[in-house]
Each structure stands twice: as C-alpha cells, then as structure tokens.
There are 2 protein chains.
Amino acid sequence: MQSPRPRVTMTDVARAAGVSPMTVSYTYNRPRRVSPETREKVLDAAASLGYAGPDPSARSLRYGATRTLGLVLGEHLTYAFDDPQAVQFLAGIAEVCAERGYGVLIVPTGTGDEDPDRVIAAAVDAYVVWTTTDDDPVLAAAFSTRRPVVVHGGPERAGATMIGIDNRTAARAVGAEVFAGAGRPAVLSFPVDRDRETFVRSGLDPATIAYPVTRDRLAGYRDAAIELGIDWSRVPVGVCRTNDAGEARSMMRRLFDADPGIDAVAAMSDQLAAAAQEEGVRRVSGWDDSDVARRHDLTTVAQSLRDQGAACATAALGGSAPDHREAWRLVRRASTR
Amino acid sequence: MQSPRPRVTMTDVARAAGVSPMTVSYTYNRPRRVSPETREKVLDAAASLGYAGPDPSARSLRYGATRTLGLVLGEHLTYAFDDPQAVQFLAGIAEVCAERGYGVLIVPTGTGDEDPDRVIAAAVDAYVVWTTTDDDPVLAAAFSTRRPVVVHGGPERAGATMIGIDNRTAARAVGAEVFAGAGRPAVLSFPVDRDRETFVRSGLDPATIAYPVTRDRLAGYRDAAIELGIDWSRVPVGVCRTNDAGEARSMMRRLFDADPGIDAVAAMSDQLAAAAQEEGVRRVSGWDDSDVARRHDLTTVAQSLRDQGAACATAALGGSAPDHREAWRLVRRASTR
DNA sequence: CTGTTAGCGCCTTCAC
DNA sequence: GTGAAGGCGCTAACAG
C-alpha cells in the first residue's frame, strides 16, 4: 500500500499566509468571496509550501459524495478489454462522465473472494455493472451499499435500473434468417455460468443459463427454430468459454464431429460467426455488427454498446435514460442468403 | 451532483449493538480481534440497520491513501477508446491494479479549461499519464499534487518515471526498410500539437513537434532517409488528426496531389499504413503490429502496449518496472518487399 | 477482548 | 470580507 505522503494542509497555508483556514478554503472554492489581496497572499503561501489544493478524500467525506462512478466489469478484466463491445460500452460511460465531471472508477475485481469487499470499499456515488449472472455476489455487494446501481444486460432487480436490448426478440429475428431452409441448424453460445465450461449439448434449455443475456438469446433462437418447425431438442449448442476466434473454431469442429451435416449456425457474436464460416459453414449469423461482420458479410444484430454505456452512466448519475429494449436492428447480409 | 444519501454510521451500529464504535471498526477490519459473539451482535445490528461497511471516503482520509491509481487519457477520451493500442495499455494497467487491489480512476478530462483542476481534485495515490505534449497543463497539474507520476511515451520530466520504447531508433530501423530503393518517399504522421491540425509539409522539422513520441518517430524516419542519401527537405509529411482510416486515405490523396510519384510511405500506425496501401502505395510500413498489420502483411514495429501499461502501473504504485526502451521489434513483411 | 481519546483535512453555519 | 466552532465517519495508539 502506498504510504501516506507528508501533507500540507489548509491550516499550514493559513498560518503561512496569516489568515484563518476558512479564508484558504474560500480562496479555492469561492475565489470571488475573498479580496484580491488576500487571495494572492494565500496562493503565494500555497505555492511556496507546495500546497496542491484541498485534499480530495477530506472533501468527499465532508460533501458526502465522491463525484465518481464505479464500474464493475466482471470476474475477468481481461475478457472485458479484449471484447470490442465492452470497450465501446466503457467509452460511452467515460464520455458521459467526462461531460459531467465525474470520474470513472474501474473496481478492481478479478480475484474471486475479495471482489464483493472491493466493490463495497470503492469510493463511488453509484455503480454500473457489466452484464453478469443472477447469482453474482458482486451484484449483491453493489446493492448492499444502498447506492444507485445500473445493470447492463441483466440480471434485473427491483430497485435497480436495467439497460439493454430485448435480446430474445432480436435473437428470434436473426434466428429466423439463419435457420430458414436449414437442414441441420446449430448454435454457438457464450458461457452458461461463471465457471465458463465449454461443452456441446443438443436442445440446451435456456432456463438453465445463468447469464440473462445469453439465456434470452438462446431462448430467441429456440423461438425461431420452433416457428420454423425445427425440433429444438436436436439442435446442438456449442458453448464457448470466451469470445475468441481460435476457441470458436475448435468448438465448431466439435460440433461437426457430433453432426457433420450442420449447415447453419446462429452465433452470439460476430467473431464466433466468422469462425464458423471459416470452418466451412455456409449459413451463419453473428451479433453486434462489428468490423468483423462487415468484413465477412455477416447477417447480424446491430446495437450500439456505446449508447448503452452512455445510458447506463446517465441513469446511474440520476438522469433519465432512454429505454434501449428496441434499440437493435437486424442487418441482412450475404451470410444468410 | 449526487446528493448525499442518508447514512448509517459505525456509531449507529455500535449503539444498536450495545458496543463502542471501535468494536464495530474491529469487526470489519480485524474480525479475529473480536469475540465471535460480539462479532455476530455487531453484524446483526449492521444488517438490521442496513449498514454497508465503513465509508470509503472516511477511510481514505484516515489512512492517507485511496488505493486508487489515476489515469489521465488526454483531451479526447474518444480518441483513446477508439485506439486499440490505448485500450491495450489500459488493460495492462487494470490488470496490475486488480492484482494489487487498486482501483483505476479514469480522470474526467476532455473539457479543456477544467482539466487541470479535475486532475488535482482526483482522489488517487498516483497518476499514469498517457502520452502527451511537453506543454500539457494536465501534466503540470499532476505534478503539482506531489504524487508519483508515470508518463507513458513522454514527455520526460525530472522526478517522473517515463515508460516507452525508443521510438527514434525503432523509426530509423523501419524507415530503413520502407525507404530502401524508394524514389519518392513520404510519411504519414500523427498530429504535431494538441490543436491537431492536418497539413502537408516537406521536410517537416521534428524539433517543431510537441508530442515526444511523434517527434522521435519523425526524427527516426529522417535519420533513415539521410542514411539512404535521401534529401529530407523533399520528403512530404502528411499530418493526420487522428488514427482513422478514412482520414488517412484522404490525406494520402493530398500527398499524391502534391507528388503523384510517391512510391513509399512510412506511417506511424498500421491503420495509416493500410490506408496508404489502399490508396495504391506499394511500399508501406506501419507501427504496432496490430491485427491490421497481419491482415495487410505490413512491415511494422511490434511493441506491447499491454506490457507498457502494466509497467506504468507497477512503477506508479511504487514497484520497480523494467526499462522498455528496447522492448520493440522490427517485423518484416511483404509490404516492403 | 473491548473502550477512550484524539484527530485525519475539510467546509457549513453562524457570528462579527 | 473574514473567522470560530463543530462535525463529516473513521481508526491509530494506547489503556484496561
């Protein structure tokens, strides 16, 4: 731990300037309330003592607010920074916060047991929590502080704002595209719980999935399959650990091992879809409409994580943010023709 | 501003549990120093009052440290989040901080005049400043707080750690590759100062550039040109505003307007190099060895911004970080053959 | 194992 | 235009 620095306080400056501490405080906070001569005296004293201005922690204590928004990015910070969508989300948050003069504190999660404590110990006025599972203890920790909490993607909680698109409806729409006319459809999915195991299971039940976003997407794919008369119990779902192309390709090979006839894949990201395409699947759909989707001409679901980040920040800081449930768009491209 | 929430304090909990505030404090900070029965009494009282644990600001004030690292990302947060290298840098910082239980506070800069004040008012133990100009007032603000400052890329300052590769030597090496055998070489550069104007100037003098990183790279390109017997005063330098492909392509067209014979371009990023290539330049070099470089088969300078971020965080938090001056590698690919 | 005392550095309130 | 008192919520140091 950083050891305390030797500090120069307002009292020191006051003494050096021959005024009271209050005058120093005013000099920094209400400069116009102090006469020009006094102000100059104070600033001179401050400069010669190396006083850098009011101590931020003391100020926060006094004000009862920190002007900082806490951002909880989930167990593995690495996954977040490697995910272009998460980065856009962060950009949206940072933009709103910068406008309003709020700092963004990335809460140091990632070590497991200590995570809830670290959330609780963060000096912030509100939290934004990046999409997670229903049972994430970190979420509980954020709520226990009684500060405002905004959750991106889910889970939903009474008393917390949830921001995100209607994943189920969007998945049904893109599923209808990719599964149309397919003989043997399959799904490339994100993890089902925080253990992030990889596996293949036909007819995977969405209700068993701990991540609301993943659950809703899978349910939407199933809706689409059922509407097309496809027997969901025979649709293999390959669950990947991360949003990584290499891993997705080997998962795709596992799917082919199980059923060499697979001819359509609904994937939960553009990266996964591109990997399936590279393994030889003709009909694929992605998610997010990223650069990859454009390069691979993928049918996909467009959404702006940046807008959603901005909305989360706005809501967390007490503004009213627009509903994003319908803020998605089906983008039809060659990959489903 | 977030208005103060109604608070439950240790004193409240102490009263409810029939103990002194110190016992409550111990219960949270040295649980083993408190008897199990007392601990339970205290936690029960806390739960029933909705007490969420010690107030972080009060704790910071008392400890004299915040366990938070301040990150200053420059005038335009947008540029930082749109730059994959900056994101990797952030990832490296976040990783080290998470390991050590430090939060990463993105200081809300970007509005101009207020930026220095916001840096000063940030409740952090140390700063990491993303590459900037010699005269950036935000840097001065960080130093004025007397907290440790680590600067990435530059400028160098007495009393501050600087982490980054030797850009000049690296630029000379890659310049030697791309300019070899070129009849009319040119350069695609990053901005020369924080105004970020775009322009073309032949023989642009590196000494006039306010960003040390850009200055060193240009100087290295010039070194390479001179060694090859090229007259630097006739080498056009196109200065781009951001690291954006669209802008780079139009800058490349401006360079062609000035000199249609341009047959080699040294670019300060892979994105800019790819844009030059797409505009028809046969011989190009990039910088960073990103995905783009691999896709476009670009000769480039490989470096790990992630490692550099980690090193900055380590140094800022009081560890000793390895020197990164030689942590780069020339990657030769088809774009200079 | 628990309690008392004494501030950390600041700013609201109220006086002058 | 300036100052004195008091307390924000917490914990180090020292009893007992």
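Computed from a prediction, not measured in an experiment: that's the story for all the values here. Letters A, B, ... are given to chains in the order of the sequence lines, protein chains preceding strands, and every chain is numbered from 1.
Using a cut-off of 4.0 Å between Lys/Arg side-chain N and Asp/Glu carboxylate O, Arg15(B) and Asp12(B) are scored as salt-bridged. Salt bridge absent: Asp113(B) and Arg118(B) never bring a charged side-chain N and a carboxylate O closer than 4.0 Å. A salt bridge links Asp82(A) and Arg306(B); the closest N-O separation between the charged side-chain nitrogens and carboxylate oxygens is under 4.0 Å.
Distance, Arg67(B) CZ to dT11(D) P: 14 Å, rounded to whole Å. If you measure from atom OH of Tyr26(A) to atom P of dG3(D), you get 10 Å, rounded to the nearest angstrom. Straight-line distance from the CZ atom of Arg32(B) to the C1' atom of dT2(C): 17 Å, rounded to whole Å. Atom-to-atom, CG of Leu61(B) to P of dC10(D) comes out at 12 Å; the value is rounded to the nearest Å. Taking atom CG of Asn29(B) as the reference point, atom P of dA12(D) lies 7 Å away to the nearest angstrom. The distance between atom OH of Tyr63(A) and atom C1' of dG9(C), rounded to the nearest whole Å, is 12 Å. Distance CZ (Arg30(B)) to P (dC14(D)): 14 Å, rounded to an integer number of Å. For the pair Arg62(A) CZ and dT12(C) P, the interatomic distance rounds to 6 Å; values are reported in whole Å.
With sequence neighbours excluded, no residue forms a ring pair (Phe, Tyr, Trp, His ring centres under 6.0 Å) with Tyr127(B).
By the 30° and 60° cut-offs, the orientation of the rings of Phe89(B) relative to His152(B) is tilted.
Here Ser57(B) does not reach the OP1 or OP2 of dG9(D): none of its side-chain N or O atoms lies under 4.0 Å away. Contact check, Thr11(A) against dG9(C): no side-chain N or O comes under 4.0 Å of OP1 or OP2. When the side-chain nitrogen and oxygen atoms of Ser25(A) are compared with OP1 and OP2 of dC11(C), one or more of them lie within a distance under 4.0 Å. For Arg59(A), no side-chain nitrogen or oxygen approaches OP1 or OP2 of dG9(C) to under 4.0 Å.
Side-chain atoms of Tyr51(B) stay outside donor-acceptor range of the base of dG9(D), with no qualifying N/O pair under 3.5 Å.
Between Arg215(A) and Asp134(A) the shortest side-chain heavy-atom distance falls below 4.5 Å.
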Exercise. Which is it for Leu139(A) and Val151(A) under the side chain to side chain contact (heavy atoms under 4.5 Å, CB included) test, yes or no, and what are the steps along the way?
Worked result: CA-CA 9 Å; Leu139(A) 244 189; Val151(A) 180; 3.9 Å; yes

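The residue Ser60(B) sits apart from the nucleic acid: no heavy atom pair falls under 4.0 Å.
Ranked by how close their nearest DNA chain C nucleotide is to the 5' end, Tyr28(A) and Arg33(A) are led by Tyr28(A).
Of the residues in residues 12-23 of chain A, those with a non-hydrogen atom less than 4.0 angstrom from any atom of DNA chain C are Met22(A).
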